[in-house]
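Letters go in sequence order (proteins before strands), and every chain restarts at 1.
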Amino acid sequence: MEIATELEFPLIPVLARMELQGIKIDMDRLQAFAGELRKDLIALQETIFQKTGTDFNLNSPQQLGDVLFNKMGLPSGKKTKTGQYSTSEAVLQELANEYEVPSLILDYRSLAKLLSTYVEALPKLADPETHRIHTSFNQTIAATGRLSSSNPNLQNIPIRTERGREIRKAFIPEEGFMLVSADYSQVELRVIASIANATQMIQAFEDGEDIHARTAMEIFGLDSLEDVTPDQRRKAKEVNFGIPYGVSAYGLASRLGIPNKEGKQMIDRYFERFPGVQTYMTSTIEEARDKQYVTTLMGRRRYIPDIQSGNWNARGFAERTAINMPIQGTAADIIKKAMIEIDELLQREGCRSRMLLQVHDELVFEVAHDEVEELVPKIRGLMEQAFELSVPLEVEVGVADNWLDAH
DNA sequence: TCTCTGCTCAC
DNA sequence: CAAGTGAGCAGAGAC
């Protein structure tokens, strides 16, 4: 009830304003990019048809599986649950070193995804007068307390690949405004450190250390942060991301491409160095078994009846859900509280600037030129002070004339 | 037209 | 067995 009256209900008008405001896209830029992508896709398709010696629908996993594994006789791996050959990214990646076609398919897929899901779809949804796109922020979908976004989903705009970033560049401010992006740095890890009372991790955050390097130092038994190699840091980062999801030795090893034994060693060492995290995991599962629900630090509740299931698989899934929800959900509670307070500031001060998007740990604003200087520190302050953990919350802010460069 | 499946984008 | 939360696309098949 407190989450409802103090957080969710006050958030409703905030989300309504964000949806009504919308965000402007550069339609010309997207149209030009669409032309490039179409040209490259046709060329890739031609090459693939030539190398496979057959024309087929490249977008059909079924037809693709037939061509790769029956006609060409490539070594097949996983099957899907309907008994077809899997052509998933993982499967194709496995073949990509030895064979040319799977690698070309991967290139084709990534471009086709960008074109169909974003470059062609977004302009269709823009207001023809204002060129602004209006998403729906769904408040009652995600079981952890996160928002979701639909029609279009503006929470999954590409950023990881070079050409994906082209799409972010097409999100722009209105004349006279800048886009401001403010994102919480490592918020979920800070929540874990705080909930689990992980002393070394708390110290690292207080000292402003590189948290993945610190984790590497701990799990690989090094004496100093300077001794951490890039490869050790990469592995430690994967552990830090996997822990809040209840990753197994097998899961970690397969993601890192290392032996299971090595994955197990890393996880064992992690729990040795951060015993609070292990205690958190076991006590959270125990509590969930007892009450059939788990909670965030602000009291949001998620019921997990499967935690008592006799089915090994269902119970395991429920346990990982139980571990994850308080972490993901506390982060969601924190940003929601910040949104309410920032909206209140913008309304109270009669600002022309406005909040446009929320992407789980990030808020995007359209800020009038003459309000940037005053608002940026206030936004940062409200986000960092939204909730007190036993570690500081840190927010990174960027200002630019498109979303990519603001990030 | 509707639903399911496989795949891939984000945090 | 095996990493949590979502959304949308194209293909495929039922109706």
Can you list, in residue-number order, the parts of residues 17-33 of chain A that come under 4.0 Å of DNA chain C, counting heavy atoms only?
none
Counting primed atoms, P, OP1 and OP2 as sugar-phosphate and everything else as base, the B/S/- map of nucleotides 4-9 of chain C against protein heavy atoms under 4.0 Å is BBBSBS
More than 12 heavy atoms of other residues, nucleotides or ligands under 6.0 Å from CD of Glu94(A): is that the case?
no
Return yes when atom CD of Gln308(A) has more than 12 non-hydrogen atoms of other residues, nucleotides or ligands closer than 6.0 Å, and no otherwise.
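Atom CD in Gln308(A) is crowded, with more than 12 foreign heavy atoms closer than 6.0 Å.
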Could you check how far [atom1] of [X] sits from [atom2] of [N], rounded to whole Å?
X: Tyr108(A); N: dA10(C); atom1: OH; atom2: P; result: 10 Å
X: Lys237(A); N: dC11(B); atom1: NZ; atom2: P; result: 12 Å
X: Tyr85(A); N: dC7(B); atom1: OH; atom2: P; result: 14 Å

Residues at least two apart in sequence or cross-chain that pass side chain to side chain contact (heavy atoms under 4.5 Å, CB included) with Ser60(A), listed by chain then number, are Asn57(A), Gln62(A), Gln63(A)
Residues in side chain to side chain contact (heavy atoms under 4.5 Å, CB included) contact with Thr140(A), at least two apart in sequence or another chain:
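Listed in chain order: nothing, the list is empty.
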dG11(C) OP1/OP2 closer than 4.0 Å to side-chain N/O of Asn59(A)
yes
How far does the P atom of dG6(B) sit from the matching atom of dA2(C), given to the nearest Å?
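Pairwise P distance, dG6(B) against dA2(C), rounds to 16 Å.
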Which residues in residues 266-280 of chain A have a heavy atom closer than 4.0 Å to any atom of DNA chain B?
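Contacting residues: none.
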Decide side-chain hydrogen bond (donor to acceptor under 3.5 Å, both in side chains) for Asn324(A) and Thr144(A); before the verdict, give the C-alpha distance in whole Å, the side-chain angles of both, and the deciding distance to 0.1 Å.
CA-CA 9 Å; Asn324(A) 177 257; Thr144(A) 56; over 6 Å; no
Between side-chain atoms of residues 22-33 of chain A and protein atoms elsewhere (two or more places apart, or another chain), which donor-acceptor pairs fall under 3.5 Å?
unit_1: Lys24(A); atom_1: NZ; unit_2: Glu174(A); atom_2: OE2; d: 3.4
unit_1: Asp26(A); atom_1: OD1; unit_2: Asp28(A); atom_2: N; d: 3.3
unit_1: Asp26(A); atom_1: OD1; unit_2: Arg29(A); atom_2: N; d: 3.0

